[in-house]
Trainee: 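Sharing a structure with you now.
Owing to the predicted nature of the structure, the values given are computational and were not obtained by experimental measurement.
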2 protein chains.
Amino acid sequence: MKLDSIDIRILDILQQNAELQTAEIAQQVGLSTTPCWRRIQRLKEAGVITRQVALLDAQKVNVGVTVFVSVRTSTHSQEWFESFKATVQAIPEVVEFYRMSGEVDYLLRVVVPDIAAYDRVYKRLIAGTQLHDVSSSFAMEELKLTTALPLGYVG
Amino acid sequence: MKLDSIDIRILDILQQNAELQTAEIAQQVGLSTTPCWRRIQRLKEAGVITRQVALLDAQKVNVGVTVFVSVRTSTHSQEWFESFKATVQAIPEVVEFYRMSGEVDYLLRVVVPDIAAYDRVYKRLIAGTQLHDVSSSFAMEELKLTTALPLGYVG
DNA sequence: CTTGAAAATCTTCCACA
DNA sequence: TGTGGAAGATTTTCAAG
């Protein structure tokens, strides 16, 4: 799908705040509401906008601690991978999970209330699947965390 | 702020999909629309719900490549930190940025279209600030990535 | 908390330039 | 593409049980 500069501005706005009404967005991009509404519709249908969600304050829901977990494994069978993947995906404290290139095989971001809770997640991780090496790093300070993707590479 | 089990179910729903109308959410949690609407309002005012955003398809906006960047530094002055922080926060390709405990001082998640684009971000990172050691790992596969926080620790 | 309903606001779509 | 407006939904507020 082709996106012009107005589409990009609309996406930029919606990535910051999806509660704005169509008329207000239209005004900000210099359109009247109908064509703006049509563009947003098109962006959703094309799957550029995948969904709209509420973001919560991590402190206020008591998961203020972020831990990055690096996993190295020796087993590389498909069967093992499927089982490990399913285990990890089912843990709600794991909010990100990647297969990596380089030294580390997998990288996870885990959010928990405290170290004790992390330890329980850790035990759940290593239970069941053979992991060669698991190393945890704690985030001391969150300097930036955004869901807004950069839009400079579109088109 | 105290959250009961109905609030938690409402948050769970809104974390998945913030487009649902109040009446539908009310039905799902077994309430009529008025009290459900009031709860959502309260959750926003209390700052539990911080905002509502549109999520985009990373492939479709041409930033399908995720890179994790580990930064080690020798300079630890406040002045240096402020300057580094400002530099990094201003780079839109950096979507996450943490100060870490342990071996690595900072960890960044960067999204770009390809390796060449990453190299430009990399150069921008090391320009200006003295970095002792910068190591990049590429994500080969995104196994899980969610904005939904676990709600098992509330209350 | 529930129901029911009124008022204000938005979204959605139509006809037309 | 764009504009303006009509029709239909929704949100938001209120009174009363």
Side-chain angles (χ1 to χ4, degrees), chain A residues 1-57 60-62 146-155, chain B residues 1-57 59-62 146-149 151-155:
Chain A
M1 181 193 180
K2 262 177 38 180
L3 303 178
D4 65 17
S5 73
I6 296 185
D7 288 321
I8 292 172
R9 287 171 61 200
I10 292 174
L11 290 174
D12 224 342
I13 293 168
L14 289 176
Q15 280 199 118
Q16 293 312 130
N17 182 0
E19 284 181 298
L20 293 177
Q21 28 192 81
T22 318
E24 196 165 350
I25 298 167
Q27 200 207 326
Q28 285 190 40
V29 302
L31 243 51
S32 56
T33 90
T34 305
C36 182
W37 178 83
R38 277 199 292 246
R39 278 169 186 266
I40 296 172
Q41 235 49 24
R42 229 170 25 99
L43 291 165
K44 285 180 183 169
E45 274 155 31
V48 178
I49 297 175
T50 54
R51 53 219 200 104
Q52 235 172 73
V53 300
L55 302 182
L56 310 187
D57 183 311
K60 293 197 170 131
V61 295
N62 196 26
T146 181
T147 56
L149 302 176
L151 297 177
Y153 300 105
V154 189
Chain B
M1 183 192 178
K2 265 177 36 178
L3 304 177
D4 65 16
S5 73
I6 295 184
D7 288 321
I8 292 172
R9 287 173 60 201
I10 292 174
L11 290 174
D12 225 341
I13 293 168
L14 289 176
Q15 279 198 118
Q16 292 315 128
N17 182 0
E19 285 180 299
L20 294 177
Q21 26 192 85
T22 319
E24 195 165 351
I25 299 167
Q27 200 207 327
Q28 284 190 39
V29 301
L31 244 50
S32 58
T33 89
T34 308
C36 181
W37 180 83
R38 274 199 297 252
R39 279 170 186 265
I40 295 172
Q41 234 50 25
R42 231 170 24 99
L43 291 166
K44 286 181 183 169
E45 275 155 31
V48 178
I49 297 174
T50 55
R51 53 218 200 106
Q52 238 172 71
V53 300
L55 302 182
L56 310 187
D57 184 310
Q59 306 289 341
K60 294 197 169 132
V61 296
N62 198 25
T146 180
T147 56
L149 302 176
L151 297 176
Y153 300 104
V154 190

Trainee: Along nucleotides 5-17 of chain D, 5' to 3', which nucleotides get a B, which get an S, and which get a -, given that the test is a protein heavy-atom distance under 4.0 Å?
Mentor: B----SSSBB---
Trainee: Do B:Thr50 side-chain atoms and A:Leu55 backbone N/O form a donor-acceptor pair below 3.5 Å?
Mentor: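 Checking the backbone N and O of A:Leu55 against the side chain of B:Thr50, a donor-acceptor pair under 3.5 Å is found.
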Trainee: Determine whether a donor-acceptor pair (N or O, by modelled atom type, separation under 3.5 Å) exists between the side chain of A:Arg51 and the backbone of B:Asn17.
Mentor: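 Side chain of A:Arg51 to backbone of B:Asn17: no pair is present.
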Trainee: In whole angstroms, how far is the C1' atom of D:dG2 from the CZ atom of A:Arg42?
Mentor: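 Atom CZ in A:Arg42 sits about 14 Å away from atom C1' in D:dG2.
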Trainee: Using the side-chain contact (heavy atoms from CB on, under 4.5 Å) criterion, which residues pair with A:Asp7? Sequence neighbours excluded.
Mentor: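 If we apply the side-chain contact (heavy atoms from CB on, under 4.5 Å) test to A:Asp7, skipping adjacent residues, the hits are A:Leu3, A:Asp4, A:Arg39, A:Arg42, A:Leu43.
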Trainee: Indicate whether OP1 or OP2 belonging to D:dG2 is found under 4.0 Å from a side-chain N or O atom of A:Ser32.
Mentor: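 For A:Ser32, the contact criterion (side-chain N or O under 4.0 Å from OP1 or OP2 of D:dG2) is not met.
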Trainee: I'd like to know whether CD of B:Gln27 has more than 12 heavy-atom contacts from other residues, nucleotides or ligands below 6.0 angstrom.
Mentor: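 Open.
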Trainee: Considering only heavy atoms from C-beta outward, does the side chain of A:Leu56 approach that of B:Leu151 to under 4.5 Å?
Mentor: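 In short, these two side chains touch, coming nearer than 4.5 Å.
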Trainee: Measure CZ/A:Arg39 against P/C:dT12 and give the value in whole Å, please.
Mentor: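 Taking atom P of C:dT12 as the reference, CZ of A:Arg39 is at 17 Å.
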